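First the structure, in the form of structure tokens, and then the observations on it.
Only this structure's heavy atoms are used, side chains among them; waters, hydrogens and symmetry mates stay out. This one's a predicted model, so the numbers in the text were calculated from it and none came from an experiment.
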Amino acid sequence: MNIYKRVAFLFIFLTISLVATNASPWIPMDGNNPVSYCLSWRLAIETNNVRAWRTVPLQCMRYVEVYMLAGQYDRDVELIVEQVRAYLNEIVLPGDGMDAWILDVDDTCFSNVYYYRLKRYGCDPYDPTGFRTWAMKGESPAIQPVLELFNDLIETGFKIFLVTGRDEETLRQATVENLHNQGFTGYERLIMRTAENKRQSAATYKTTIRKQLMEEGYRVWGNVGDQWSDIQGEYSGNRTFKIPNPMYFVP
């Protein structure tokens with residue numbers, strides 16, 4: 001496809017997207033139109049300047065859809081993984097088997113974008129029953145750059161701990177099967193919420209788990225998650241990396 005055809009295709013795609021949201025395709029790209037607002041909104045949430053937000057602004061539904069599905073999200077994840085690899089090149093492992101790396105599961109190892117498409121990409125409030133039903137199917141696809149990173153970490157000699165807020169009692173089997181069918185095998189431990197920590201916030205729960213791992217003698221070199229609550233707090237590890245997620249916020 002030559003450059004002129006590409007430009008024409010992009011113009012048609014943007015026009016259809018804007019018409020679908022009842023927006024004029026001729027609105028200038030200034031600070032007063034929905035596209036500019038949603039771009040600024042996404043920047044604000046990714047830098048953790050907007051906290052405890054519950055739903056995506058309705059006027060940003062189409063923007064989030066295009067961001068997640070039209071390629072920019074994939075490029076952003078690839079860039080983050082490149083930064084992780086640059087950091088890995090600086091590490092010399094002692095080789096005693098106590099070098100650890102922590103990964104979140106949902107929207108870090110695999111994507112739930114197809115579920116959130118049914119929830120208007122986060123414009124609808126969180127539905128715990130609906131999400132549990134989705135998770136039980138075990139159909140979430142791997143986020144490919146993270147899967148490749150996962151395999152490289154294991155090959156390098158890291159012990160991978162998958163730490164998720166999913167419920168141990170109801171979702172362990174489905175989660176294990178989903179991880180396996182997407183290629184996430186060879187990890188050290190899958191850690192899920194139990195009755196003991198069910199009422200803790202995500203930030204408190206994950207901090208507690210990291211503390212326990214370090215008390216076992218593990219050195220946490222890296223920690224990757226799509227939520228700020230995955231990577232903030234004490235015992236967060238030597239380096240943290242955040243995967244973008246404009247669809248929901250977990251405190």
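Between Ile45 and Pro246 the shortest side-chain heavy-atom distance falls below 4.5 Å. Val163 is listed as a side-chain neighbour of Tyr205, based on a closest heavy-atom distance under 4.5 Å. Looking at heavy atoms from C-beta onward, Ser236 lies out of side-chain contact with Ile231 at the 4.5 angstrom threshold. Proximity of Thr55 to Arg120: side-chain heavy atoms (C-beta onward) are nowhere separated by under 4.5 Å. Counting only heavy atoms from C-beta outward, the side chains of Thr156 and Asp99 never approach each other to under 4.5 Å. When side chains are defined from C-beta on, Tyr67 does not count as touching Cys38, because their heavy atoms never get closer than 4.5 Å. Between Arg210 and Phe161 the shortest side-chain heavy-atom distance does not fall below 4.5 Å. Taking 4.5 Å as the limit, every side-chain heavy atom of Arg193 sits out of range of all side-chain heavy atoms of Leu171.
Note that CG of Asp104 is 9.5 Å distant from CZ of Arg166, once rounded to the nearest 0.5 Å. For the atom pair NZ (Lys242) and CD (Gln232), the distance works out to 10.0 Å, reported to the nearest 0.5 Å. For the atom pair Glu78 CD and Gln83 CD, the distance stands at 13.0 Å (nearest 0.5 Å). Note that CZ of Arg51 is 11.5 Å distant from OG of Ser229, once rounded to the nearest 0.5 Å. For the atom pair CD (Glu139) and CD (Gln182), the distance works out to 10.0 Å, reported to the nearest 0.5 Å. For the atom pair CZ of Phe241 and CG of Asp230, the computed distance is 14.5 Å after rounding to the nearest 0.5 Å.
Within 6.0 Å of OH on Tyr87 lie more than 12 heavy atoms contributed by other residues, nucleotides or ligands. Counting non-hydrogen atoms of other residues, nucleotides and ligands closer than 6.0 Å to CD of Glu215 gives a total above 12. Other residues, nucleotides and ligands contribute only 12 or fewer heavy atoms inside 6.0 Å of the CE atom of Met136.
A cation-pi contact, defined as under 6.0 Å to the ring centre and within 45° of the axis, is absent between Arg42 and Tyr63.
Nearest heavy-atom pair across Asp127 and Tyr115 is O-OH, 3.5 Å. Across all their heavy atoms, Leu190 and Arg172 have their closest contact at O-NH2, 2.7 Å. Minimum heavy-atom separation, Thr108 to Asp226: OG1-N, 3.1 Å. Between Phe150 and Leu103, the shortest heavy-atom distance links the atoms CD1-CD1, 3.8 Å. Among all heavy-atom pairs drawn from Gly183 and Asn151, the shortest one is O-OD1, 4.1 Å. The minimum heavy-atom distance linking Ser140 with Ser111 is given by the pair CB-O, 3.4 Å.
Side-chain rings of Tyr126 and Tyr248 stay apart, their centers remaining 6.0 Å or farther from each other.
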For this session: Please step through side-chain hydrogen bond (donor to acceptor under 3.5 Å, both in side chains) for the pair Gln212 and Glu216, ending with a clear verdict.
Result: CA-CA 6 Å; Gln212 291 172 355; Glu216 291 176 28; over 6 Å; no
For this session: Under the side-chain contact (heavy atoms from CB on, under 4.5 Å) rule, what do Trp101 and Val224 come out as? Steps first, then yes or no, please.
Result: CA-CA 8 Å; Trp101 200 282; Val224 182; 3.5 Å; yes
Exercise. Going through the checks in order, is the side-chain contact (heavy atoms from CB on, under 4.5 Å) test met by Phe184 and Asn178?
Worked result: CA-CA 9 Å; Phe184 291 94; Asn178 199 164; over 6 Å; no
Problem set entry | Criterion side-chain contact (heavy atoms from CB on, under 4.5 Å) on Arg132 and Asp167, from CA distance to verdict | CA-CA 9 Å; Arg132 188 180 304 110; Asp167 179 64; 5.9 Å; no
For this session: Decide side-chain contact (heavy atoms from CB on, under 4.5 Å) for Val113 and Tyr121; before the verdict, give the C-alpha distance in whole Å, the side-chain angles of both, and the deciding distance to 0.1 Å.
Result: CA-CA 7 Å; Val113 69; Tyr121 298 96; 4.1 Å; yes
For this session: Dump the intermediate steps for salt bridge (charged side-chain N to carboxylate O under 4.0 Å, His left out) on Asp152 and Arg85, then the final yes or no.
Result: CA-CA 9 Å; Asp152 289 346; Arg85 293 186 190 282; 2.4 Å; yes
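Using a distance-only test at 3.5 Å, with no hydrogens or angles considered, a donor-acceptor pair links the side chain of Lys159 to the main chain of Gly97. Of the possible donor and acceptor atoms, one in the side chain of Thr47 sits under 3.5 Å from a partner among the backbone N and O of Ala44. Side chain of Asn197 to backbone of Thr194: a donor-acceptor contact under 3.5 angstrom is found. Not a single donor-acceptor pair under 3.5 Å links the side chain of Asp106 to the backbone N or O of Thr164.
Hydrophobic clustering, with ILVMFWY side chains joined whenever heavy atoms are under 4.5 angstrom apart, groups Phe249 together with Leu39. Hydrophobic clustering keeps Trp53 apart from Leu43 (ILVMFWY residues linked when any side-chain heavy atoms are closer than 4.5 Å, directly or through intermediates). Hydrophobic cluster membership differs between Met192 and Ile209, with clusters built from Ile, Leu, Val, Met, Phe, Trp and Tyr side chains linked at under 4.5 angstrom. Linking ILVMFWY side-chain heavy atoms closer than 4.5 Å, directly or via other members, places Ile143 and Leu79 in two distinct hydrophobic clusters. Residues Ile102 and Ile80 fall into different hydrophobic clusters, defined by Ile, Leu, Val, Met, Phe, Trp and Tyr side chains chained together at heavy-atom separations under 4.5 Å.
With respect to Asp107, the side chain to side chain contact (heavy atoms under 4.5 Å, CB included) criterion is satisfied by exactly one of Ile243, Val250, Asn245: Asn245.
Here Lys211 does not pair with Glu234 in a salt bridge; the nearest charged N to carboxylate O distance is not below 4.0 Å.
Aromatic ring orientation, Phe131 versus Tyr116: tilted (interplanar angle from 30° to 60°). Taking the six-membered ring for Trp and thresholds of 30 and 60 degrees, Phe158 and Trp221 have ring planes more than 60 degrees apart, a perpendicular arrangement.
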